[in-house]
Novice: 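If you scroll down you'll find the structure; I have some questions about it.
Atoms considered below: every heavy atom in the structure, side chains included; atoms not considered: hydrogens, waters and symmetry mates. Proteins come first, then strands; the chains are lettered A, B, ... in the order of their sequence lines, and each starts at number 1. Every value quoted in this text rests on a predicted model; they were computed, and no experiment measured them.
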Amino acid sequence: MYRFILRRILLMIPTLFALSIISFIIIQAPPGDFVDSYVARLRAQGDYIEEERIESLRAQYSLDDPMMTRYFRWFGGVLRGNFGVSMNYNQAVTSIILDRLPYSFLITLLSLFLVYLIGIPIGILSAVKQYSAWDYIATTVGFIGLGTPGFLLALLMLWILYSLTGNAAIGLFSTEYLGAPWSWGKVVDLINHLWLPASIVAFTGTASLIRTMRANLLDELEKPYVMVARAKGLKNLTLLFKYPFRIAINPIISMIGWTLPGLITGEMLVSLVLGLPTLAPLFLESLRMEDMYLAGGIVFVLTLFTLVGTLVSDILLAVIDIRIREET
Amino acid sequence: MRGKKEDRVVVASQWQLIRWKFSRHRMAVVGLIVLVLYYLAAIFSEFISPYDPYEYDEAFAYAPPQVVRFRDDQGKFHLRPFVYPIKKELDKVTWEVLYVEDRTRRLELRLFVRNWEYNFLGVIKSDLHLFGVDKGMLSIMGKDTMGRDLFSRIIFGSRISMTVGLLGIAISFFLGCLIGGISGLKGGVTDTIIQRIIESIRSIPTLPLWMALSLVMPDNWSILKTYFAIIMILSIVGWTGIARVVRGKFMALKSEDFIMAARLDGSGNGRLIFRYMLPSFSSHIIASLTLSIPGMILGETALSFIGLGLQPPAISWGVLLKDAQYVRVLAQSPWMLFPALFIVVSILAFNFVGDGLRDAADPYAKV
Amino acid sequence: MDKNTVLEISDLHTHFKSKEGTVRAVDGLSLSLYEDEVLGIVGESGCGKSVTAQSILNILPKNGKIVSGQITYFNKGQSQEITSLLPESKEMRSIRGKEISMIFQEPMTSFSPVHTIGNQIVEVVELHRDDATIDARAQAINMLELTGMPNASEIIDAYPHNLSGGMRQRAMIAMALSCHPKILIADEPTTAVDVTIQAQVLSLMLDMRNELNMSVIIITHDLGVVAETTDRVAVMYLGKVMEIATVYELFDSPKHPYTQALINSVPKTSGEITKLVPITGTVPNPYNIPAGCPFHTRCPDFIPGVCDEESPIKTNISADHQVWCFKHADEKKQEN
């Protein structure tokens, strides 16, 4: 088991390396650089800027070094947890990201939790009671969720909230807790604010999980071992959870990893629509400003999040399914 | 009766079988009809739109949709549908502009009316439109911030939104088959490297990746250039999914005798992939292609919506929704969400068709 | 042979509903199983032999249902009518696995791939033991050893995919017998294993029968298996029994044209070389079973106006030999 985990972590290293390159390409991709766009912005405002100042800015951010040098300097920093300096904020990227990262993670993880919490039981119910009213309702809701991406749902929510309350500013905290030190009340307040965006993000994912769970379980219910278990004299419910459910859940567990990128995408769009101060607006701003170290850092961190998610789901899968452990 | 049908099944070609099975899938057939309508709308946008999508009239900014009626205020039934014209009134207390229906006149909806002039496909000059009103203003789905007709804009938006998915999938398909095919055929180190790359790309959440890549497009690019650039950006992620499917199938097919025979005949890799292997699972591929179109449509919509994709004056559903992102606009004119309805319906339609195709393409499923 | 009946099936009808219509999988079947005997049920695939087995344990798939008829289980002077029990009732469940046990065709897919063999055997023992102090694990190991499993105490912790096909079938038998059932139903027990293993599995089953004093029903399409292992044989066709006889009588003097055709279509390993005669025609569509005797569409002795209109009634050839065929209706005394 430990060997499996170790192997799995070692396998992550080349992927991580590839990702650092992709992130760096993203940093380098836009035509021109931060200083160019900074100067352009100043000039657009009618300000004057001296050539010397431009040069010193370029030197300050080492923008004129060769690409490889800059990559290794950047990656070297990343390995030590230093993502460089945001040119826009003139502050360490790491600390800017860390300010907002927890909220993005919380919303994403909470929505992941909701997806599984709601999707699995409904999926089981509609498989066991196939073609019942329940099944039809679940299937219909599933289809609606399939067609309604989170940000459209968020727009709709925004409208409904505004029509009902005249106020659609959701935010992450109530005013009295903004800037207040952490306390139990503040945590409760945060959760009160998080569940709505998290449910919106979760909606599409839940729909597809219901479909998968239902289909997997229906497949398993047909398998001979189910009849064997019935022939033993087991109760239907005991049997369901000991055998077909245990096996149908395996692919669902391994889905955690690749559900995450979709949930992160959903979280970003929903945060943008609802105006939540998570990583998403920061990322959008950094792209607009061509503050590329910040942008690249955010991409890297979000990807690392999904990589760890995949790792965790692979390990979980290996824990519950002997066949996976022995294959590798 | 039954015997006859069984005979038919035995001699039917693969595609006939797929068609039969598909036509039994009711939702898939409905989806297909919806998609055909959408693409007809995209092709004949000028003919279907009652108004020029760019023609603005500040006087009707945020005018609400009219109700199409058959029965008038007196309860009299009219065979020809009609709307009541909209007129502006100033609220005496709040000094707000209000739109009210003028119940004294009826505007009859007519088929094949003459209105704004257009060049269909750049050659046929015409001013014929599917429907409209003779005099006065028709507002099926309301007017936007500048008084432009939202319905006409949605119809024109389908041109970009509905083709982004198709073209994106075409490029993804080509790249996916080629790279996935090579990976599956060669195996070994090549396979490992390609699989690592695919895995890396797939572990990046798509939206941030798309957002970052969209920065490559300079602001001064033409609509057409941006349009193709966005398709390329969407395909960068899109091909990986198809490559995986193709690789898996190739791994399984590699050991089949007919592939070995073709290889012994001296077929190169390209010929092997596109001439022999792809046709043997094309139905399966078509199903998974159909199922990945919605993701592309949503990608374009999301990018344009947050202002990193197409920019006005281009018209796509995402661009249209951008107007609806402010709460105040939404509260005042919720009909600005109509493009969302079109998006949802198209995504569902693609999913139903894809599901139907997947079931129909399964040779082991019951006829 | 002792003629105490342990299981009595009378006029059983089991139907399956599907989109295309209703399949009358078992269509008026009557059978008795005696104490300590091995009864074979033989027939082509789709004749309803597996459904009969599933009906006995009331473990039919969702779309299947016992429509009418009785199945009665006799034990120590008590009789229990199985068909009157709800499929998920406590009484029904206490019969399954404890009184009547079943071995299935596919040893691979009959085990859950993510649970150990031991886990799945111990489960049955724990479910049915009267005394909670009985060491279920020890009993499971004991049972595996009894089936001739090498290293039973290690195998018990193995997963199904670690075992060979033959070992899996041994484990399957151990699982079915772990509660010493009175009746063992083996549904095509040798179809999915290698020929070399087949003989081992069959002789193991017969050994176990002697060891545990139980009655066995072997369901198979293989006349060879029938000839080697059974005491009595029922021949089934499209949900009905065509002929029942002791194994010797059946092979020596088959009465029903279908039984004769079946025997003639199998190569003989001894004696003179004879020509193989295939049965003409195909099995009729199960959605649309012909009226009268179901075999009349392929029968060489078809009597028009009789066989295709009325259902044949039971004819006693001898005390142990019954046939359902108009051809023999006049030969002997008829019984209802």
Novice: Show the nearest heavy-atom pair for residues V114(C) and N250(A), with the distance to one decimal.
Specialist: CG1-ND2, 4.0 Å

Novice: Is chain A contacted by the side chain of F111(C), its backbone, both, or neither, given a heavy-atom distance below 4.5 Å?
Specialist: backbone

Novice: Please flag which part of L127(C) lies under 4.5 Å from any non-hydrogen atom of chain A: side chain, backbone, both or neither.
Specialist: side chain

Novice: Please rank Q54(C), Q105(C), K90(C) by heavy-atom pairs under 4.5 Å with chain A and give me the top one.
Specialist: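 Most pairs with chain A among the choices: Q54(C).
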
Novice: Is the closest side-chain heavy-atom distance between M227(A) and M102(C) below 4.5 Å?
Specialist: no

Novice: Verify the neighbour count for atom NZ of K242(A): are there more than 12 heavy atoms of other residues, nucleotides or ligands below 6.0 Å?
Specialist: yes

Novice: About how many Å separate CG of N236(A) and CZ of R93(C), when rounded to the nearest 0.5 Å?
Specialist: 8.5 Å

Novice: Which bit of L234(A) comes within less than 4.5 Å of chain C, counting heavy atoms only: side chain, backbone, both or neither?
Specialist: both

Novice: Examine whether an atom of I95(C) lies under 4.5 Å from a heavy atom of chain A, and if so say whether it belongs to the side chain, the backbone or both; otherwise answer neither.
Specialist: neither

Novice: Is it true that a side-chain atom of H128(C) and a backbone atom of G233(A) form a donor plus acceptor pair closer than 3.5 Å?
Specialist: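 Such a contact is absent between H128(C) side chain and G233(A) backbone.
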
Novice: Using non-hydrogen atoms and a 4.5 Å limit, figure out which bit of D187(C) sits close to chain A: side chain, backbone, both or neither.
Specialist: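 Neither part.
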
Novice: Is a side-chain N or O of R230(A) found less than 3.5 angstrom from the main chain of P61(C), in a donor-acceptor match?
Specialist: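 Flag not set: sc R230(A) to bb P61(C) has no pair under 3.5 Å.
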
Novice: Hey, is CD on E222(A) packed in by over 12 heavy atoms from elsewhere, all under 6.0 Å?
Specialist: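 No, CD of E222(A) has 12 or fewer neighbouring heavy atoms, counting only those of other groups under 6.0 Å.
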
Novice: Does F241(A) have more than 12 heavy atoms from other residues, nucleotides or ligands lying within 6.0 Å of its CZ?
Specialist: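 Enclosed.
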
Novice: Could you tell me which portion of S101(C) (side chain, backbone, both or neither) has an atom closer than 4.5 angstrom to a non-hydrogen atom of chain A?
Specialist: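 Looking at S101(C), nothing touches chain A.
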
Novice: Checking the side chain of K232(A) only, and the main-chain atoms of M175(C) only, is there a donor and an acceptor separated by less than 3.5 Å?
Specialist: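 Checked: no pair found.
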
Novice: Please step through side chain to side chain contact (heavy atoms under 4.5 Å, CB included) for the pair T238(A) and E123(C), ending with a clear verdict.
Specialist: CA-CA 11 Å; T238(A) 321; E123(C) 177 184 58; 5.9 Å; no

Novice: Quick one: closest heavy-atom pair of S112(C) and Y225(A), and the distance?
Specialist: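 Residues S112(C) and Y225(A), closest heavy atoms: N-CB, 4.0 Å.
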
Novice: Could you report the tightest heavy-atom contact between V228(A) and M172(C), atom names first, then the distance?
Specialist: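 Nearest heavy atoms, V228(A) then M172(C): CG1-CE, 3.9 Å.
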
Novice: Can you name the closest pair of heavy atoms from V128(A) and K62(C) and give their distance?
Specialist: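 Looks like O-NZ, 3.9 Å.
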
